[in-house]
Amino acid sequence: MIKQDVKKQDMTKLCRTGGCLVLILFSAISLHIGVGADKVMAKTVPSGISAKSVKVGKQIRIKSSKKNVVFKSSNTSIASVDAKGIITGKKKGKVRISAKCKGYKKKTYLLTVKKNSYKPSCLPVTFSEISMKDVQMKNDGAGNPIYYARIRNKSKKGKIKKIIYYYEIQEMKEVQDIVSGAAVTVPSEPQVQKTNVTLTAVNIAAGKTSSLVRCKGDYTGQTSNMRLLRIDLYTGDARYRYSASPETYSFQWGTRDKKAPKIKGLVKKKSDTGNNDIFRVYYSDKKNSYNFKSFVSAVDDRDGRVKVKADTSKINWRKSGTYKLYFTAKDKAGNIAKSWAKVQVIVPGTAESIADEVLRSITRTKWSDSRKAKAIYRYIRGSFGYVNSSAHTHWRTSATKGIRYHSGDCYTYYSVARLLLTRAGIPNVMIKRYPTTYGRHFWNLVYVRGGWYHFDTTPRTRRGNFCLKTDAQLRHYSSGYTFSFIKKLYPARATKIINTTP
């Protein structure tokens, strides 16, 4: 007897959403922008962009032969552009950058901002979103020039925690000379000397301007004689620095890193399907061949991806059972993250001896996992018969019986596939049909080529190939309950189709 398909409409649809990590870096600042435009014939602005994409926190430039071009971003939260045409990627997405000047047609570029996991997670303000207002020099009444300014935060959402301008100024200083041969000092003519001063503003909200801030000014009373050395911008958890000579940009964290990396993947509750069906199955006789860090990664908010270490010291390889595999990840600041995963250890027995004999006859050691999986699928489909009765005890027991008699129901087919796949080193778990209105059904979820695929060896009256299939391919075969299951219990399935045509 061959298992029948159930033809009913799906009750639910899977919707997967993704997020993006918001990372920001500031771009160049222009303190003096020229105005005016050349009178030229109407044609496209003579300019060009160096790339069609930029990573978050990185910069590219629009080069133009004209000096009076006005650049604009269609979405400054994705990418900002300054008066010099320097574009800074701020978060993942697509944006249009336009270049326009009087007498020319506007030129527009479509730019893609890509994810960059090695940049800060939150830098809301860039230098292209900062300007100085009400710049002036006044005398304090005692003959001392004072430099005044207001700082404007033009960003839409970002806050400036603190911004510091470092200037080199000239000042007049009186010098006392000692008269030779006597203990008497007399004043000499005042001398001009250079010194450094800072102009600081704090807590400037998005779209706001600071109160009037001040510092000592150049003795000449001219703002143009104050030489800008650098600017430090503190925003989010980081500090960005603009150095005027040479014109460079650097990044440092403005706060101490106290946050440990995050260990993700098939860990803790995600290491089994909730039915005590564990994703990692290890045979004691092959313990030296396993990569225990598979399906686990660690990401730090500052360092990006960091290494994961696996500790198997708590596993007793001489006894079959369920154990915990421990993981640690350490960032550059020394913060350590810890996690664990359930693993099943099996000391090989009769089932494995039978499986090894089958695998030797249908596969080769050097084959890829996907090729071995296809061979296992063909073996089961070609030599087993469907019988609508079997004891659903344990997959190893059911698989041993199934291989001996070459028959069984869907649980037997699943069990034989699981034994052969697992012994071949291919991760897989059971998927159970839900709801069970039209009966119970079992099949495998298999990991090959970097993704999880469906693997159902049970024959059908309508035939059909179910070797390494995506969710979409199963829905195409049956839009009803045949392959319905609780999707959140399992890792995300692959969407790339694998050709499994015999």
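Heavy atoms only: backbone and side chains are in, while hydrogens, waters and symmetry mates are out.
V308 approaches S297 most closely through the heavy-atom pair CG2-C, 3.9 Å. Across every non-hydrogen atom of N499 and K374, the tightest pair is O-NZ, 3.1 Å. Shortest non-hydrogen contact noted between H394 and Y411 is C-OH, 3.6 Å. A pairwise comparison of heavy atoms in V113 and G89 identifies CG1-CA, 3.9 Å as the closest pair. Contact between I278 and V429 at its shortest, heavy atoms only, is O-CG1, 3.8 Å. Between N153 and K159, the shortest heavy-atom contact is ND2-CA, 4.0 Å.
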- Please lay out, stage by stage, how T328 and D311 fare under the test side-chain hydrogen bond (donor to acceptor under 3.5 Å, both in side chains). CA-CA 8 Å; T328 57; D311 178 10; over 6 Å; no
- Item | Audit row: L421, V446, side chain to side chain contact (heavy atoms under 4.5 Å, CB included) steps and yes/no | CA-CA 8 Å; L421 289 165; V446 178; 3.7 Å; yes
- Step-by-step side chain to side chain contact (heavy atoms under 4.5 Å, CB included) determination, I130 to I160: CA-CA 9 Å; I130 299 169; I160 297 175; 4.1 Å; yes
- Message: S80 vs T126, test: side-chain hydrogen bond (donor to acceptor under 3.5 Å, both in side chains). Steps then yes/no.
- Response: CA-CA 8 Å; S80 64; T126 69; 3.3 Å; yes
- Message: Please determine whether salt bridge (Lys or Arg N to Asp or Glu O under 4.0 Å) holds for the pair E247 and R230, giving the CA-CA distance in whole Å, both sets of side-chain angles, and the decisive distance to 0.1 Å.
- Response: CA-CA 9 Å; E247 189 175 357; R230 70 175 189 268; over 6 Å; no
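When each of Y490, Y377, Y413, F483 is tested with W443 by the rule ring-ring contact (aromatic ring centres under 6.0 Å, His included), just one qualifies, namely F483. Screening I87, D82, I62 for a side chain to side chain contact (heavy atoms under 4.5 Å, CB included) with F71, the sole residue that qualifies is I62. With F295 as the partner, the ring-ring contact (aromatic ring centres under 6.0 Å, His included) test is satisfied by one option alone out of Y447, F327, Y290: Y447.
Looking at S243, its side chain never comes within 3.5 Å of a backbone N or O of P246 through a donor-acceptor pair. Not a single donor-acceptor pair under 3.5 Å links the side chain of T436 to the backbone N or O of G439. Within the 3.5 Å criterion, the main-chain N or O of L359 finds a donor-acceptor partner in the side chain of T363. Between the side chain of T482 and the backbone N or O of S478 there is no donor-acceptor pair closer than 3.5 Å. Listed for the K161 side chain is a donor-acceptor partner under 3.5 Å among the backbone atoms of G236. Side-chain N or O atoms of S320 include one that pairs as donor or acceptor with a backbone N or O of V347 at under 3.5 Å. Looking only at distances, no side-chain donor or acceptor of S271 sits under 3.5 Å from a matching main-chain atom of A341. Side chain of Y453 to main chain of K496: a donor-acceptor pair is present (N/O by atom type, distance under 3.5 Å, no hydrogens or angles). Not a single donor-acceptor pair under 3.5 Å links the side chain of T457 to the backbone N or O of I380. A donor-acceptor pair under 3.5 Å is formed between the side chain of H406 and the backbone N or O of S383.
A cation-pi arrangement is present between K324 and W340 under the rule of less than 6.0 angstrom and at most 45 degrees off the ring axis. The side-chain tip of R460 points at the ring of F466 from less than 6.0 angstrom away and within 45° of straight on. For the pair R462 and Y477, the cation-pi criterion (under 6.0 Å, within 45° of the ring axis) is fulfilled. Annotation: cation-pi pair K487/F485 present, NZ/CZ under 6.0 Å from the ring centroid and within 45° of its normal. Cation-pi check for R493 over W452 is not met; the charged atom does not lie both under 6.0 angstrom from the ring centroid and within 45 degrees of its normal. The side-chain tip of K162 points at the ring of Y234 from less than 6.0 angstrom away and within 45° of straight on.
Using a 4.5 Å heavy-atom cutoff, the side chains of K268 and S339 are in contact. Side-chain atoms of S353 and P348, non-hydrogen and from C-beta on, never get closer than 4.5 Å to each other. Side-chain atoms of T422 and N428, non-hydrogen and from C-beta on, do get closer than 4.5 Å to each other. F127 is listed as a side-chain neighbour of I231, based on a closest heavy-atom distance under 4.5 Å. Using a 4.5 Å heavy-atom cutoff, the side chains of N316 and V345 are not in contact. Proximity of T500 to K469: side-chain heavy atoms (C-beta onward) are separated by under 4.5 Å at one or more points. Using a 4.5 Å cut-off on side-chain heavy atoms (C-beta onward), R239 and L233 make no contact. With contacts defined as side-chain heavy-atom distances shorter than 4.5 Å, the pair K84/R61 qualifies.
Residues satisfying the salt bridge (Lys or Arg N to Asp or Glu O under 4.0 Å) test with D356, not counting sequence neighbours, are R423.
If you look at H441 and Y481, their ring centroids are not closer than 6.0 Å. Between Y414 and F455, the distance from one ring center to the other does not fall under 6.0 angstrom.
T495 and T470 form no side-chain donor-acceptor contact under 3.5 Å, judged by distance and modelled atom types alone. T88 and Q59 form a side-chain donor-acceptor contact under 3.5 Å, judged by distance and modelled atom types alone.
Taking the six-membered ring where tryptophan is involved, the planes of W317 and F292 are tilted, since the angle between them lies from 30° to 60°.
Heavy-atom neighbours of K307 NZ from other residues, nucleotides or ligands within 6.0 Å: at or below the threshold of 12.
Under 4.0 Å is where a charged nitrogen must lie from a carboxylate oxygen, and between K157 and E129 no such pair does. A salt bridge links R418 to D277: at least one charged side-chain nitrogen sits closer than 4.0 Å to a carboxylate oxygen.
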